[in-house]
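Each remark here refers to the structure printed beneath this line.
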Protein chains: 2
Amino acid sequence: MSLRLDDQVCFGLYSASRAVTALYRALLEDMDLTYPQYLVMLALWEQDNRLVKELGSELSLDSGTLSPLLKRLAAAGLIERVRQTDDERAVRAALTDKGKALCERAERIPGIIGEAMGLDGDGLARMRTDLDRLTASVNAYRESLA
Amino acid sequence: MSLRLDDQVCFGLYSASRAVTALYRALLEDMDLTYPQYLVMLALWEQDNRLVKELGSELSLDSGTLSPLLKRLAAAGLIERVRQTDDERAVRAALTDKGKALCERAERIPGIIGEAMGLDGDGLARMRTDLDRLTASVNAYRESLA
DNA sequence: TCCAACTAAGTTGTGTACAACTCAGTTGCG
DNA sequence: CGCAACTGAGTTGTACACAACTTAGTTGGA
């Protein structure tokens with residue numbers, strides 16, 4: 001398919017993202033986590049007891065995605081949803097012991113991913129910088145449309 | 001969220017892909033196309049009358065995704081699904097006149113995307129190469145697991 | 001020739017994404 | 001104070017992705 005270069009980069013992003021997610025799927029299978037669920041767990045391992053709203057802004061996911069996702073993590077016994085007392089609207093996601101324990105089994109994953117991507121430290125760092133810049137640029141452009 | 005660098009690159013890919021898709025969504029809105037639908041239309045504008053199987057291998061999508069997607073494109077009057085006579089299992093997607101005409105309205109899109117990404121020609125080319133390499137590497141690793 | 005293995009497409013079920021909406025709770029301002 | 005505007009979370013509906021399965025049609029080898 002001979003797309004214009006701009007379209008090719010977008011298709012490249014789409015393909016790369018799906019390929020990486022597919023690898024995560026294989027690695028997360030025995031932990032019964034999807035990639036977005038893993039991202040939420042990472043955020044909670046980093047800092048427990050987060051507001052749904054905080055998780056949303058960190059992962060750029062809205063309540064339409066997070067609410068059912070958190071419900072599934074709760075059903076799996078990995079987190080509990082705690083309604084805040086001083087603001088009855090807000091809900092915090094808190095790790096259970098089982099959720100905390102899962103962290104250990106996840107430790108091997110980043111290394112495997114890094115190996116699979118076939119990039120050295122510099123390559124990884126550069127890719128990350130480039131992607132962040134691109135995302136920021138695209139989001140800024142999108143804001144400017146509204 | 002201080003992930004390991006490997007995880008950061010993956011989250012960067014995930015974020016970038018979603019940001020770009022969101023921009024496409026805005027640009028494709030008045031054509032009533034989603035990004036995956038646009039990819040299929042691009043493939044057909046490039047070469048009409050493709051087997052579902054061919055579209056699938058080009059976009060790395062299986063029939064579980066393509067069948068309903070093509071059904072929606074057909075319902076919108078952009079394509080027709082033609083069962084092949086020499087192999088009754090195979091189905092070709094063929095552009096209608098309306099589908100062919102839509103090409104013109106899509107012409108402005110790559111330019112806008114390019115501008116939004118904020119990269120020059122070299123930057124785009126390099127990004128595309130890097131992404132393709134990364135996808136190939138990850139997919140190869142994934143194959144090696146099975 | 002015959003049928004077991006294969007193949008193309010479609011179906012079903014689960015889990016994101018995301019728009020649009022509801023609902024309960026909070027806040028700021030006249 | 002009172003209430004309109006706002007906010008956080010959840011719900012509903014649509015459209016991917018993808019695994020697992022079904023169905024119909026094809027093919028190759030005993």
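These numbers come from the heavy atoms of this one structure, side chains and all, not from hydrogens, waters or symmetry mates. Chain letters run A, B, ... following the sequence lines, proteins first, then strands; residues in each count from 1.
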Between dT7(C) (C1') and Leu51(B) (CG): distance, integer Å: 12 Å

Listed once per pair and sorted, the ring-ring contact (aromatic ring centres under 6.0 Å, His included) pairs that draw on residues 36-75 of chain B, sequence neighbours left out: Tyr24(B)-Tyr38(B)

With Ala22(A) via side chain to side chain contact (heavy atoms under 4.5 Å, CB included) - residues at least two apart: Arg25(A), Arg142(B)

Which residues share a side chain to side chain contact (heavy atoms under 4.5 Å, CB included) with Ser63(B), sequence neighbours left out: Ser67(B)

Side chain to side chain contact (heavy atoms under 4.5 Å, CB included) against Thr65(A), all qualifying residues, sequence neighbours excluded: Leu61(A), Asp62(A)

Could you list the donor-acceptor pairs under 3.5 angstrom formed by side chains in residues 92-100 of chain B, with sequence neighbours left out?
from	atom 1	to	atom 2	distance (Å)
Arg92(B)	NH1	Asn49(B)	O	2.7
Thr96(B)	OG1	Gly77(B)	O	2.6
Thr96(B)	OG1	Leu78(B)	O	3.1
Thr96(B)	OG1	Lys98(B)	N	3.4
Thr96(B)	OG1	Gly99(B)	N	3.1
Lys98(B)	NZ	Ala76(B)	O	2.9

Inter-residue atom distance Leu51(B).CG - Glu58(B).CD, 0.5 Å rounding: 12.0 Å

Interatomic distance, Glu143(A) atom CD to Leu23(B) atom CG [nearest 0.5 angstrom]: 11.5 Å

Letter per nucleotide, 5' to 3', of nucleotides 12-23 of chain C [B base touched, S only sugar-phosphate touched, - untouched; heavy atoms, 4.0 Å]: ---SBBBB----

Contacts table for residues 109-123 of chain B: side-chain donor-acceptor under 3.5 angstrom, sequence neighbours left out:
from	atom 1	to	atom 2	distance (Å)
Asp120(B)	OD1	Asp122(B)	N	3.4
Asp120(B)	OD1	Gly123(B)	N	2.7

For Glu29(B), side chain to side chain contact (heavy atoms under 4.5 Å, CB included) partners two or more places apart: none

Partner set under side chain to side chain donor-acceptor pair (under 3.5 Å) for Arg81(B), not counting sequence neighbours: none

Nucleotide interval of DNA chain D bounded by contacts with chain A (heavy-atom cut-off, under 4.0 Å): dT7(D) to dA19(D)

Selection: residues 84-96 of chain A, any non-hydrogen atom under 4.0 Å of DNA chain D: Arg89(A), Ala90(A), Val91(A)

Rounded to 10 degrees, the angle between the two terminal axes of the helix from dT1(C)-dA30(D) to dG30(C)-dC1(D), each from five pairs: 0°

